[in-house]
Amino acid sequence: MTIVAIGFLIVFFGLIGLIWQLADRNDHKMMIAITIAIIATSFSGLLGEFERRVLVRIIDTLLAVGITYYALKSQRYWALWFAGFSWATVFLGLLAFALPAAQADIYFFASTALAFPSLLVMAIGLVLDSRSKSRRLWETDPSAG
């Protein structure tokens with residue numbers, strides 16, 4: 001496993017606790033879908049190079065569709081940002097798939113690197129949403145004054 005993959009897993013599992021505590025039921029569903037996609041992508045390393053790239057593109061596309069569905073139903077703005085990062089990953093991955101191997105590695109790495117900002121957007125968005133909700137509750141609570 002490369003240092004980037006290890007770093008990603010450390011960040012990902014570190015954020016799960018934060019996200020799970022701040023999230024609602026729909027956010028939990030999205031986090032489970034992301035976790036399943038990461039596990040499935042990890043197992044794709046057992047396949048040949050071509051099959052792995054095809055499977056990863058399929059996983060990324062299915063995840064982007066699911067996240068977009070969630071984002072369109074959600075009232076949270078971070079979900080739209082997260083969906084945008086997901087689609088950027090899909091498009092970069094498709095571009096990488098279409099190019100010769102040497103050039104494809106650049107785009108494949110770039111699409112993988114988008115996972116970090118997308119997870120940070122999710123975590124920051126949930127923290128801001130949680131603070132906003134707490135502030136609204138505090139302002140409307142008659143016993144708070």
Side-chain angles (χ1 to χ4, degrees), residues 1-140:
M1 203 182 266
T2 67
I3 191 71
V4 173
I6 292 169
F8 174 77
L9 290 175
I10 289 170
V11 170
F12 176 74
F13 287 114
L15 288 173
I16 283 178
L18 170 69
I19 291 170
W20 200 266
Q21 290 177 353
L22 298 175
D24 63 15
R25 187 173 180 206
N26 288 328
D27 298 330
H28 290 165
K29 290 177 188 177
M30 193 163 89
M31 181 49 74
I32 290 168
I34 294 165
T35 303
I36 290 169
I38 288 172
I39 291 169
T41 300
S42 298
F43 283 117
S44 72
L46 301 173
L47 302 171
E49 184 66 21
F50 178 78
E51 292 84 4
R52 179 182 66 85
R53 288 188 183 221
V54 170
L55 181 61
V56 169
R57 297 293 60 89
I58 291 169
I59 292 168
D60 286 348
T61 303
L62 290 173
L63 183 62
V65 168
I67 288 169
T68 301
Y69 175 77
Y70 167 78
L72 293 174
K73 289 179 58 174
S74 177
Q75 294 184 9
R76 300 175 188 233
Y77 292 111
W78 67 263
L80 291 172
W81 282 91
F82 194 88
F85 279 118
S86 295
W87 282 109
T89 299
V90 168
F91 292 129
L92 281 171
L94 291 174
L95 182 59
F97 193 72
L99 293 174
Q103 295 172 340
D105 288 341
I106 296 168
Y107 291 101
F108 191 74
F109 178 76
S111 69
T112 304
L114 286 172
F116 286 108
S118 61
L119 286 175
L120 290 176
V121 162
M122 177 186 269
I124 292 168
L126 283 168
V127 167
L128 293 175
D129 282 346
S130 176
R131 285 184 183 171
S132 175
K133 184 190 288 185
S134 295
R135 201 171 22 251
R136 283 191 310 262
L137 288 173
W138 179 259
E139 291 170 358
T140 59

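Keep in mind that what you see is a predicted model, and the values were worked out from it rather than measured. Along the sequence shown, residues carry numbers from 1.
Once rounded to the nearest 0.5 Å, the distance linking CG of D60 with OG1 of T89 reads 6.0 Å. Atom CD1 in I67 sits 12.0 Å away from atom CG in L72 (nearest 0.5 Å). To the nearest 0.5 Å, the span separating CD1 on I58 from CG on L63 amounts to 13.5 Å. Separation of atoms CD1 (I38) and CD1 (I59) is listed at 10.5 Å; rounding is to 0.5 Å. Here the straight-line distance linking atom CE of M30 with atom OG1 of T35 works out to 10.5 Å at 0.5 Å rounding.
With sequence neighbours excluded, the residues that form a side-chain hydrogen bond (donor to acceptor under 3.5 Å, both in side chains) with T68 are W87.
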